[in-house]
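Reminder, nothing fancy here: chain letters follow the sequence lines and each chain counts from 1.
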Amino acid sequence: MIDASYFDGRSSRAVAVQLQLEDDALRIIGADLLRTVPLAQVSVSAAPGRTSPLRLALADGALCEIAAGSAAADLLAALGRPLPLAERLVAHPGRLLAVLAAFVFILAVAYRWGVPLAADVLVDHLSPRLEARLGEAALRGLDEAGAFQPSALAAARQEEIRRAMHALQLPPGIGEFHIEFRRFGAPNAFALPGGTIVVGDELVSMAEGNPDGLRTVLGHELGHVYYRHSTRSLLRGALLSALAFWYLGDFSSAAAGVVGGVTAMQYSRQAEHDADLFALHLMQANGVSTHGAAVLLGKLAAGAAGEQRPRAEGRSPRADAPAQGRPRMPEYLSTHPDIDDRIALFENGSRAPAQMP
Amino acid sequence: MDEGPGSVQPGPHRLQFTGSGADYFGIWIVNLLLSIVTLGIFSAWAKVRRLRYFYGNTLLDGSAFEFHGSPIALLKGRVIGVVLLVAYSQSSKVSVTLWLAVVAVLAVIFPWLIWKSLRFRLHNASYRGIRFRFTGSLRAVYTTFLPPLLMFVVIAGWGLLVQSRVQAGAPPPPALAAGFGLLMLAFFVAAPWFWVRVKRYQHAHAQLGSLAFGFTAGASGAYGIAFAALGLVLALGLAATALIALFGLFGGGATVAGTPAWRIVVGLIMIYAALLSVQPLVKAMAQNFVWRHTTLDSRPFGSDLRWGRLWWISAVNVLATVATLGLFWPFAVVRTLRYQVSGITWSGDPASALAGPTEAGTAAVGEEAADLLGFDVAL
């Protein structure tokens with residue numbers, strides 16, 4: 001016999017009753033009330049968790065409400081209704097821990113493999129026009145933020161470099177690309193989504209008298225364009241943001257955004273290596289020696305060695321901000337690690353043919 | 001304290017929240033796990049579980065509320081939502097006219113979606129077997145939501161216009177910029193008034209069986225909240241400036257792009273503190289304002305949230321959630337909800353509701369309330 005409140009479904013007036021469970025029926029006994037309802041017509045409605053009242057809904061709209069507690073739990077067990085899967089998963093502390101561990105594991109797998117895979121699938125379905133617009137917007141944003149100055153390079157020189165790159169025999173599927181020049185304050189070049197390659201004046205002047213080297217380095221950027229690395233890492237960042245938002249979203253969109261933003265626009269080492277191999281193969285297919293690239297990279301390494309050694313690690317902070325207070329462009333080396341390996345690659349490649357990755 | 005279900009107490013009834021953080025943690029973690037494993041499909045079920053937990057642990061006079069919404073309905077609503085989103089994003093690639101057409105269609109159906117979702121929420125809620133109902137008309141949802149929507153569209157359009165006229169690096173034309181500024185100002189001035197109209201639409205057109213809700217507020221209370229929030233932000237801004245000036249006496253330290261690092265750090269901390277402090281203030285004042293002006297069966301509700309207490313709850317929530325990398329979140333939700341729910345009282349008689357004519361005699365609601373498209377736009 002269990003205490004309960006009975007509501008007839010027509011008004012919210014409560015009648016104190018007692019419930020008795022018989023073989024196939026539920027007996028409801030109150031002061032002016034006696035009902036026997038076949039169990040088949042009783043539906044158990046309980047919110048998940050253990051603290052909410054238990055409700056037995058009857059076919060005619062009436063309701064029995066039993067306060068949460070051991071009596072309700074016993075009744076539920078006696079009624080023989082199985083818990084839904086979602087609740088069985090956490091019914092015991094041990095299972096709860098297992099669920100927690102599974103959750104953390106899946107989150108880790110999603111971060112490490114799921115997101116890159118999804119990014120790769122998505123990038124194949126992204127329209128080139130959208131990518132181009134992304135790249136243009138990024139360049140505009142960087143220009144407006146004052147990340148670099150307009151180029152001081154003569155227009156003729158710029159055209160010369162552009163013509164040289166467009167004259168190369170390129171693999172099909174590379175799509176459109178165009179080269180922009182800026183003054184970075186340090187030798188550097190990078191590729192934005194949609195085929196925009198940004199080259200620093202300083203890199204051009206460092207490659208003076210070394211057109212092969214310049215072309216190879218720009219060929220490396222073309223590799224990024226060909227494999228759409230920028231777009232991939234952008235997508236990865238966005239997916240990570242979505243993942244973080246999934247987990248943290250109710251809590252703080254800012255926190256979720258930070259997670260995604262931190263990983264955006266970061267080339268993976270594999271991407272860098274693939275771009276190097278692309279450049280190597282491209283130069284060989286066009287009969288350009290990559291010895292010049294080895295020399296150029298050697299100059300970059302030497303230039304960096306003259307400043308701080310840790311730069312070669314590729315993870316040093318930019319502690320010496322320019323006096324103007326503008327954001328500083330990352331050093332070429334900090335975004336292109338393993339400089340010695342790369343010098344060796346181009347040096348050896350100038351002697352033997354390479355495979356296209 | 002209530003003696004037990006069904007007893008009629010003198011004095012107002014206070015809502016109770018009986019949920020616990022530990023309990024909700026189990027629900028939350030399973031929701032997350034299964035949602036990821038099913039690539040989001042389970043999220044409709046997850047939402048229903050969550051709502052059933054919150055409703056089922058909210059008690060009035062010892063009886064709990066119940067949420068009846070079907071996950072399938074929610075899922076269908078979400079699919080429609082995704083379709084709309086895709087239509088919106090893809091149309092911009094085809095042509096500007098198509099995009100504008102899609103935007104216009106979306107703007108027109110948005111109030112309808114809100115109406116659908118209000119009906120879904122209320123028609124799928126019940127108390128002691130009596131269903132809630134939403135009786136707001138479609139016409140009223142348009143008169144309530146179109147003015148702010150239109151204003152928003154005009155501002156967005158004006159903003160785009162200004163952006164298109166801007167030469168790279170040059171400042172925008174003064175007339176256009178001034179116009180934009182005025183529009184934004186007008187929007188902020190009108191925002192509390194818009195908000196009160198939305199709340200009135202929600203609260204004045206709800207029913208619990210035979211009992212009708214009412215809403216008695218004017219817009220002035222909402223402006224009080226806005227001024228309080230502004231005042232707090234200003235006060236915190238002044239405090240931040242004073243702090244920075246004070247620390248300026250000590251000087252030194254590393255620099256980031258020319259600005260002293262500590263100044264940036266203090267600035268960020270103050271901004272975050274301001275946001276975290278203003279939110280509980282607005283939440284508490286808003287709940288008190290809305291519920292003190294809501295009636296059911298002509299008997300008023302009460303709400304006695306205190307900003308200080310809510311701020312403290314929020315502060316602990318934030319710190320603990322960050323410290324536990326998010327795992328404290330379900331506990332945080334329950335703590336806040338418990339305080340908010342238990343602040344509400346009602347001076348009416350919980351035993352006085354009568355079922356509407358369509359409800360008596362049916363356990364399952366089969367009328368128009370069983371929306372096949374279960375839109376649920378959180379307001």
> In terms of heavy-atom proximity below 4.5 Å to chain B, should A:Arg95 be classed as side chain, backbone, both, or neither?
Replying inline: neither
>> With a sphere of 6.0 Å drawn around CZ of A:Arg13, does it hold more than 12 non-hydrogen atoms of other residues, nucleotides or ligands?
In response: no
> Does any heavy atom of chain A fall under 4.5 Å from the side chain of B:Leu208, the backbone, both, or neither of them?
Replying inline: neither
>> Please classify the contact between A:Ala16 and chain B as side chain, backbone, both or neither, with a heavy-atom cut-off of under 4.5 Å.
In response: neither
> What option among B:Phe42, B:Trp45, B:Phe65 has the most heavy-atom pairs under 4.5 Å with chain A?
Replying inline: B:Phe65
>> For A:Gln18, is the CD atom crowded, meaning more than 12 foreign heavy atoms sit under 6.0 Å from it?
In response: yes
> Of the backbone (N, CA, C, O) and the side chain (C-beta and beyond), which part of B:Phe328 lies under 4.5 Å from a heavy atom of chain A, both, or neither?
Replying inline: neither
>> With a 4.5 angstrom heavy-atom cut-off, is it the side chain or the backbone of A:Ser45 that approaches chain B, or both, or neither?
In response: both
> Considering only heavy atoms, which portion of B:Ser352 lies under 4.5 Å from any heavy atom of chain A: side chain, backbone, both, or neither?
Replying inline: backbone
> For A:Arg183 and A:Ser151, what are the C-alpha separation, side-chain angles and deciding distance, and is it a side chain to side chain donor-acceptor pair (under 3.5 Å)?
Replying inline: CA-CA 5 Å; A:Arg183 217 173 349 137; A:Ser151 173; over 6 Å; no
> If you count heavy-atom pairs under 4.5 Å with chain B, which of A:Ala47, A:Pro48, A:Ser43 comes out on top?
Replying inline: A:Pro48
> Under 6.0 Å between ring centres, would you say that holds for B:Phe67 and B:Tyr55?
Replying inline: yes
>> So, using side-chain contact (heavy atoms from CB on, under 4.5 Å) as the criterion, who are the partners of B:Val333 when residues are at least two apart?
In response: B:Tyr24, B:Phe54, B:Trp329
> Which salt bridge (charged side-chain N to carboxylate O under 4.0 Å, His left out) pairs, counting each pair once, include a residue from residues 16-40 of chain B, with sequence neighbours left out?
Replying inline: A:Arg50-B:Asp23
